[in-house]
Amino acid sequence: VQLQASGGGLVHSGGSLRLSCAASGAALNAYATGWLRKAPGKEREWLSIITRREGVTYYADAAKGRFTISRDNRRNTVYLQMDGLKPEDTAVYHCATMTYFRLVGGRLWVDDTEYEGRGTQVTVSS
């Protein structure tokens with residue numbers, strides 16, 4: 001499975017972006033798929049996950065209320081709609097599939113990813 005994230009860019013604080021994660025080689029609805037980000041000097045941070053088949057969504061506190069994950073099975077793409085962006089959201093955003101994850105204490109934890117694509121840069125100016 002190959003994943004390709006796109007949709008990043010430069011936006012002012014309070015603005016919006018919609019990231020896309022297009023898959024090839026397999027159907028994304030057969031995998032739990034999520035979005036994570038990596039900022040310089042910070043740990044990888046999982047933001048949101050959508051489960052396979054039923055498409056149940058989970059959000060870390062950092063994303064709750066501002067970000068929305070969705071999946072279009074016909075386009076084999078998972079999206080992350082990001083609203084109310086803040087300068088601290090500046091990072092490289094990646095999408096990935098995983099088998100196991102857990103939401104504990106407002107954070108998403110993923111032990112290991114199955115497939116992970118190249119990221120897309122999001123820069124939020126103040």
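For reference, positions follow the sequence shown, starting with 1. The structure displayed is predicted, hence computed values, not measured ones.
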Taking atom types as modelled, find out whether [X] and [Y] have a side-chain donor-acceptor pair closer than 3.5 angstrom.
X    : Y   : value
E114 : T99 : yes
D83  : S16 : yes
R52  : Y31 : no

Please tell me whether V92 and L47 are part of a single hydrophobic cluster in this structure, the criterion being side-chain heavy atoms less than 4.5 Å apart. no
Once you round to the nearest 0.5 Å, how far does [atom1] of [X] lie from [atom2] of [Y]?
X    : Y   : atom1 : atom2 : value
N73  : R53 : CG    : CZ    : 12.5 Å
M82  : R37 : CE    : CZ    : 8.5 Å
F101 : I49 : CZ    : CD1   : 5.0 Å
R102 : Y58 : CZ    : OH    : 14.0 Å

Under-4.0 Å salt bridge between D61 and K64: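 Yes.
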4.5 Å side-chain heavy-atom contact, T97 and L3: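 Yes, side chains in contact.
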Quick one: does any side-chain atom of S20 pair with a main-chain N or O of S6 as donor and acceptor, under 3.5 Å? no
Donor-acceptor pair, T77 side chain versus R75 backbone, under 3.5 Å?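 Such a contact is found between T77 side chain and R75 backbone.
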Checking R71 now: which residues fulfil salt bridge (Lys or Arg N to Asp or Glu O under 4.0 Å) with it, not counting sequence neighbours?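 By the salt bridge (Lys or Arg N to Asp or Glu O under 4.0 Å) rule, R71 matches no residue at all.
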On a heavy-atom basis, which atom in L108 and which in Y59 lie closest, and how many Å separate them?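 Looking at all heavy atoms of both residues, the shortest contact is CD1-C, 4.2 Å.
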